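Remember, predicted model here, so these are calculated numbers, not experimental data. The basis for the numbers below is simple: all heavy atoms, side chains too, and nothing from hydrogens, waters or symmetry mates.
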Amino acid sequence: MFKRPVFNNTLLNWYQANKRQLPWRQTSDPFKIWLSEVMLQQTQVITVIPYYEKFITKYKDLDALAEADEQALLKDWEGLGYYNRIRNFQHAVKEVQEKYDSKVPDNPDEFFKLKGVGPYIGGAVQSIAFNNQLAAVDGNVLRVMSRLNRDKRDMTKASVQKDVKKYIESDMPLEAGDYNQALMELGAIICTPRTPKCLICPVKAHCEAEKANEVMEYPLKKKQKAKQEYYYNVFFILNDKDEIMLIKQEDDLLKGMYELPRFDVDTSIESIEEKYNLTLSQPSAPIGSHKHIFTHKIWYMEGYIVYTADHNEDFIPLSDLQNLPMSVAMQKMIQLIYPEGESGL
DNA sequence: TAAACGTGGCT
DNA sequence: TAGCCAAGTTT
């Protein structure tokens, strides 16, 4: 094991001299810090920055976000992915508004009970916003710690992550928030997954993997499962009032987002007419296709145009298309017939 | 415990 | 370029 007190001081000094000026480091507002942590979940810093700026401009405080329209939030979150994050965040923020007088709890036990607050976000917010002595163990920290200690355990297991958290908290510097960010920053800037910059690493003297010339062997990684593939026909169902049929997704995947009617490739037009009580023209020839890759599945979509004389609440004016939250998968399909911004005509 | 959950950057 | 990975949480 490496010498913690010396390591901690070295790391903190390096952080103070080298930290990036990120937008959420310019505030001490617990609400904004919390928001940034929710956005940063499984999402790169460079991707988060514009979303963070948009949200703190539009939703200036916790009450503003608590009282926002959910669909408007989803629209603003559009493209960031993992859409349950913003739904859970609003749920949590509403609870803070009602139970804690709109003040983010500085009591970890209360904060950890809120929706969407897990071991990482709980530790991050409590340490950064309130200087509570808790660790924030993310992918960066797990990689750094596995290399420092030549730790061969499976870092994807919750039990191991819990152990690493306990280990860090066993010798936590007083500046808990800075220390957590220093550990993460080291992982993001120096101790990177593929091309770690060991030559300029401030703590290489403490690194067991570096001493053994085995840095690239950590963390241990296991082969990931193959993604399941799905084949869909996607329909642009248009009526004579310049309206298009859209479905609000209620399944877990992309819940709350709107999508074009999407069916397994072997679904007949007749069964679609029956399901939605519509009279449809024969589909056009395929107008294009798109392959969309999710974390755990792949969609192969082929687009068709279909006409109808019917109108109902599932049809929305084409001019409203750009106002509804839509997944990137569907945006790519819509671009097949309305290339680059022409969808809002 | 392990699978589900989005999207884009990077090599 | 195909695949890994990103300031993880929920069920």
Phosphate contact (B:dT7 OP1 or OP2) by A:H292 side-chain N/O below 4.0 Å:
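Checking A:H292 against B:dT7: at least one side-chain N or O falls below 4.0 Å of OP1 or OP2.
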So, does A:H296 get its side chain near the phosphate of B:dA4, meaning an N or O under 4.0 Å from OP1 or OP2?
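No, A:H296 has no side-chain N/O under 4.0 Å of OP1/OP2 on B:dA4.
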Give the rounded distance in Å between these two atoms: [atom1] of [X] and [atom2] of [N].
{"X": "A:I298", "N": "C:dT1", "atom1": "CD1", "atom2": "C1'", "result": "14 Å"}
{"X": "A:F294", "N": "C:dC4", "atom1": "CZ", "atom2": "P", "result": "19 Å"}
{"X": "A:I293", "N": "B:dA4", "atom1": "CD1", "atom2": "C1'", "result": "17 Å"}
{"X": "A:M257", "N": "B:dG6", "atom1": "CE", "atom2": "P", "result": "9 Å"}
{"X": "A:Y51", "N": "B:dT7", "atom1": "OH", "atom2": "C1'", "result": "8 Å"}
{"X": "A:I46", "N": "B:dG8", "atom1": "CD1", "atom2": "C1'", "result": "11 Å"}
{"X": "A:Y83", "N": "B:dG8", "atom1": "OH", "atom2": "C1'", "result": "11 Å"}
{"X": "A:L254", "N": "B:dC5", "atom1": "CG", "atom2": "C1'", "result": "9 Å"}

Say you pick atom P in C:dA7 and the same atom in B:dA3; how far apart are they, in whole Å?
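These two P atoms come out 24 Å apart once rounded.
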How far does the C1' atom of B:dT1 sit from the matching atom of C:dG8, given to the nearest Å?
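Between the two C1' atoms, the distance is 16 Å.
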So which residues get pulled into A:I33's cluster when ILVMFWY side chains under 4.5 Å apart are joined, directly or through others?
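Result for A:I33 is A:I128.
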Under 4.5 Å side-chain linkage, directly or through intermediates, the cluster mates of A:L280
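Cluster partners of A:L280: A:F235, A:I237, A:M245, A:I247, A:F263, A:I269, A:I272, A:Y276, A:L278, A:Y304, A:V306, A:F315.
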What parts of residues 214-230 of chain A reach DNA chain C, counting only heavy atoms under 4.0 Å away?
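Correct list: A:K221, A:Q224.
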Parallel, tilted or perpendicular: which describes the rings of A:Y232 and A:Y230, with under 30° parallel and over 60° perpendicular?
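If you compare the ring of A:Y232 with that of A:Y230, the planes turn out parallel.
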For a quick check, tell me whether the side chain of A:R194 and the base of C:dC4 share a donor-acceptor pair closer than 3.5 Å.
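Pair found.
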Indicate yes or no: at least one non-hydrogen side-chain atom of A:Y167 is less than 4.5 angstrom from one of A:D163.
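Sidechains of A:D163 and A:Y167: no contact.
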Taking the six-membered ring for Trp and the full ring for Phe, Tyr or His, determine whether the centres of A:W77 and A:Y51 are under 6.0 Å apart.
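Between A:W77 and A:Y51, the centre distance exceeds or equals 6.0 Å.
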Could you go step by step and tell me if A:E259 and A:V234 meet the side-chain contact (heavy atoms from CB on, under 4.5 Å) rule?
CA-CA 9 Å; A:E259 61 174 6; A:V234 169; over 6 Å; no
For A:K297 and for A:K157, locate the closest nucleotide of DNA chain B by heavy-atom distance; then report the residue assigned to the nucleotide nearer the 5' terminus.
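Final value for this comparison: A:K157.
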Any salt bridge (charged side-chain N to carboxylate O under 4.0 Å, His left out) involving residues 211-220 of chain A? Give me the pairs, sequence neighbours left out, ordered by first then second residue.
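Qualifying pairs, neighbours excluded: A:R150-A:E214, A:E208-A:K211.
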Among residues two or more places apart or on two chains, list those pairs meeting salt bridge (charged side-chain N to carboxylate O under 4.0 Å, His left out) that have a residue in residues 84-106 of chain A.
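Every pair satisfying salt bridge (charged side-chain N to carboxylate O under 4.0 Å, His left out) with a residue in residues 84-106 of chain A: A:E70-A:R87, A:E95-A:K99, A:D101-A:K103.
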Over 12 non-hydrogen atoms of neighbours within 6.0 angstrom of NZ in A:K162:
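No, because the 6.0 Å sphere around NZ of A:K162 holds 12 heavy atoms or fewer from other groups.
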How does protein reach along nucleotides 6-11 of chain C, written 5' to 3' as B (base within reach of a heavy atom under 4.0 Å), S (only sugar-phosphate), or - (no contact)?
BBBSS-
